[in-house]
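Computed from heavy atoms alone, side chains included, the values below leave out hydrogens, waters and symmetry copies. None of the values given here were measured: they were computed from a predicted structure. Sequence lines set the chain letters: A, B, ... in the order given, protein chains first and strands last, and positions in each chain run from 1.
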Amino acid sequence: MRVRFPPSPTGLLHVGGARTALYNWLFAYGQAKREGKPGQFIIRIEDTDRARYVPGAAEALLDILEWFGLTWDEGPDKGGPYGPYVQSERIEIYREHAEKLVESGHAYPCFCSPERLQKLREEQQARGLPPGYDRHCRNLPREEAAARVAAGEPHVIRFAMPREGETRIYDLIRGEIVFENAKLEDLVLLKSDGFPTYHLANVVDDHHMRVTHIMRGEEWIPTAPVHAQLYRAFGWEMPAIAHMPLILAPGGGKLSKRHGSTALEEFRAQGYLPEALMNYLALVGWSLDGVTEIFSKEDLLKVWSLERVSPSPATFDYKKLLWFNQYYINHIISLDDLTSRVVPFLAREGLADPAAADPSHPDFPRIREVVALFKDRLETLAQAPELMSYFLRDELEPYDPALLVPKKTEPAAVLDALVATLAILEEMDVADEAGVEARLRALAEERGLKAGQLFMPIRVAITGRDKSPGLFETMRVIGNERVRSRLAAAIELLRERVGAGIGSD
RNA sequence: GCCCCCAUAGUCUAGUGGCCUAGGACGUCACCCUUUCAAGGUGAAGAUCGCGGGUUCGAAUCCCGCUGGGGGUACCA
């Protein structure tokens, strides 16, 4: 079984496209192989729209697909027996095929100008008629049409759709869909610039590339009957076809920047793990049993099947994606792996050497120690620099001294307690977590403070924040020297406030 | 307007005629744990299975209509 993913290099890869690619990939490498059939996945670049072409987009598409975790047998970067896999390099093939259809009477040259078509549409709309080409040139005598083409008159090639009867499409996930031919249009097959439209190129390529199953987005359903008629006109067997449900934006309608990120590149930059994204995306429109939620790529290959893809559109849920990401960080990937993945994000903020992503790098163990404290606190990799900066820099960022004094606590009492804490820590090694904890709990008791009333000021003093990992592990990782100097600095800050008579509140 | 697709809680879904007093997950709320934040644990609220007709002894599950949502209607894919 051969499937394909044919992106158009007009921009970044969307989550919808990514899911379609994933499902095709799972069909070829999972389901097909389980059924004992060979499965191949091919990538084809559909760059037939010169106006929307974005240089570099094709390369970016392949790059992000690889990041996502997909692989392919044939494609523009690796060739294959049915190449080239870039449509702009196949124009000659499309032209020949269009000519064949003209000869067999299945297509015809159309000389209508864009202006005439525009006017036609406006008139139809004004009169409340369905807009569409009026098949003006379909009735031109063949000799006249041929002569005008020979004379070099600008034209397109249109498909001559049957005017009567109906076309039935058997969609693998929706069943039979019936279209009345009379309601379908004579679509353009070859544009006046000589490039094919999607309809021609797609059909010709799928046939010549031996594609057996077409799995594409639901937005293509309306053109499926035209494609079916094209296969018939060529005398080819049409591949099996399935239309994947659309992924909608939270408010309804198409997913767009307005709602948040939509491109895989954005999720990558925000520190989403490809594994988490794949797991989430697999579950938008597909489920195994309604209960199992965590699927590795290998799991999906074992259990995913087209039959269980839902026909109904789904809303993209950013919160659930975030949950998956956090779950993978917290519970699925190893500490070493997480450390390696976090380093590039730290490096971007100057908090680590980019080379430290390698476990053999001398900085790796130190960074891993910090990352360990955040393994169940990180939602995305991109949060790492902000969360971990006070471990990785010697200097603390300036903080509000008011944070040092918890509610319902006297600033003077806090000051005394911190002075005592510093005295204690000058005698102890923070590596002795349990010992430090026992000693400081005793101190709190001596001073008549609740543990939190002592621990929070210490936390703020050594981190500059009122949120951090456990206090004693935090001290251990920050180290004796920095803990002491930060405590001393906090004491100075507090002295100023107490001296100025500023109370807590 | 016309054509087409879809329809179980805010969201993703399980369910294919009786096992459903509709299951799971995200989110929300509460409690437990607790030095903060997380993670973890326990529990709760939340669905007249879009509405109305049928079919059937029996329907979330089958049929029809309606409504709602979505897609298409380009020399874009």
Side-chain angles (χ1 to χ4, degrees), chain A residues 6-10 46-49 51-52 110 112-114 117-118 121 124-125 127-133 154-158 169 171 174 177-180 183-185 187-199 201-202 216-225 243 245-246 248 250 252-254 280 283-294 310-324 326-327 330-331 373-379 387 406 437 440-441 444 450-456 458-460 463 465-472 474:
Chain A
S8 170
T10 53
E46 307 216 328
D47 58 344
T48 56
D49 185 346
R52 294 203 305 152
C110 168
C112 296
S113 65
L117 296 176
Q118 176 66 28
R121 261 194 295 277
Q124 286 164 330
Q125 253 148 17
R127 282 196 278 156
L129 295 170
Y133 181 56
H155 65 281
V156 301
I157 302 294
R158 281 183 187 274
I169 296 297
D171 185 294
R174 288 154 222 276
I177 307 174
V178 183
F179 299 85
E180 265 182 77
K183 298 256 167 68
L184 300 171
E185 288 209 67
L187 294 180
V188 170
L189 260 25
L190 210 61
K191 309 176 205 173
S192 56
D193 63 4
F195 276 75
T197 59
Y198 169 89
H199 313 292
N202 195 264
R216 62 195 345 180
E218 186 184 332
E219 70 270 25
W220 292 106
I221 293 179
T223 56
H243 291 92
L246 256 21
L248 270 22
K254 280 186 173 174
Y280 171 66
L283 255 11
V284 178
W286 174 88
S287 78
L288 176 65
D289 52 17
V291 175
T292 317
E293 298 249 82
I294 302 302
S310 157
S312 51
T315 305
F316 193 80
D317 187 343
Y318 288 93
K319 286 248 184 74
K320 190 149 189 183
L321 201 217
L322 188 62
W323 177 82
F324 269 106
Q326 173 176 126
Y327 190 86
N330 298 175
H331 306 291
L373 302 188
F374 289 95
K375 189 132 189 314
D376 56 13
R377 270 166 253 259
L378 227 43
E379 295 175 303
L387 253 27
E437 176 166 1
L440 290 181
R441 280 189 189 279
K450 287 186 190 170
Q453 287 178 299
L454 173 62
F455 294 173
M456 185 51 84
I458 300 175
R459 162 173 294 111
V460 173
T463 69
R465 324 270 176 99
D466 58 0
K467 290 174 186 137
S468 82
L471 183 59
F472 304 100
T474 296

Selection from A39(B), U35(B), C6(B) that lies nearest to any side-chain heavy atom of Ala451(A):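 Output: U35(B).
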Nearest-neighbour nucleotide for the Phe179(A) side chain, A7(B), C4(B), U35(B) considered: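 Taking heavy atoms from C-beta onward, the closest nucleotide is C4(B).
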Using a 4.0 Å heavy-atom cut-off to protein, can you give one letter per nucleotide of [range], 5' to 3': B if the base is in contact, S if only the sugar-phosphate is, - if neither?
{"range": "nucleotides 19-33 of chain B", "value": "----BBBSS------"}
{"range": "nucleotides 44-51 of chain B", "value": "--------"}
{"range": "nucleotides 67-77 of chain B", "value": "---SBSSSBBB"}

Categorize [X] for me: base, sugar-phosphate, or nothing, with a 4.0 angstrom heavy-atom threshold over every strand shown.
{"X": "Pro469(A)", "value": "base"}
{"X": "Leu471(A)", "value": "base"}
{"X": "His331(A)", "value": "sugar-phosphate"}
{"X": "Gln125(A)", "value": "nothing"}
{"X": "Arg174(A)", "value": "sugar-phosphate"}

Can you list the residues that meet the ring-ring contact (aromatic ring centres under 6.0 Å, His included) rule with [X], with sequence neighbours excluded?
{"X": "Phe179(A)", "answer": "none"}
{"X": "Tyr327(A)", "answer": "Trp323(A), His331(A)"}
{"X": "Phe374(A)", "answer": "Phe391(A)"}

Does the side chain of [Y] come within less than 4.5 Å of [X]'s, by heavy atoms?
{"X": "Tyr133(A)", "Y": "Leu187(A)", "answer": "no"}
{"X": "Leu283(A)", "Y": "Phe324(A)", "answer": "yes"}
{"X": "Phe316(A)", "Y": "Tyr280(A)", "answer": "yes"}

How would you list, by chain and number, every residue that makes a side chain to side chain contact (heavy atoms under 4.5 Å, CB included) with [X], sequence neighbours excluded?
{"X": "Pro131(A)", "result": "Arg121(A), Gln124(A), Gln125(A)"}
{"X": "Glu46(A)", "result": "Pro6(A), Arg44(A), Gln87(A), Tyr198(A), Asn202(A)"}
{"X": "Ser192(A)", "result": "Val156(A)"}
{"X": "Ser312(A)", "result": "Ser310(A)"}

With both distances under 3.5 Å as the test, what is the Watson-Crick or G-U wobble partner of [N]?
{"N": "G1(B)", "value": "U73(B)"}
{"N": "G40(B)", "value": "C32(B)"}
{"N": "G46(B)", "value": "none"}

Non-neighbouring partners of Lys183(A) that pass salt bridge (charged side-chain N to carboxylate O under 4.0 Å, His left out), sequence neighbours left out: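 Listed in chain order: Glu180(A).
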Set of residues satisfying salt bridge (charged side-chain N to carboxylate O under 4.0 Å, His left out) with respect to Glu437(A), sequence neighbours excluded: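 Per chain and number, Glu437(A) pairs via salt bridge (charged side-chain N to carboxylate O under 4.0 Å, His left out) with Arg441(A).
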Residue-phosphate contact under 4.0 Å: Arg465(A) side-chain N/O, U36(B) OP1/OP2: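 The answer is no; no side-chain N or O of Arg465(A) sits under 4.0 Å from OP1 or OP2.
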Phosphate OP1/OP2 of U11(B) contacted by Thr315(A) side-chain N/O (<4.0 Å):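 No, no such contact exists.
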Closest-nucleotide ordering on RNA chain B, the 5'-leading residue of Asn330(A) and Lys183(A):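 The residue mapped nearer the 5' terminus is Lys183(A).
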C1' gap between G23(B) and G46(B), integer Å: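 Their C1' atoms lie roughly 15 Å apart.
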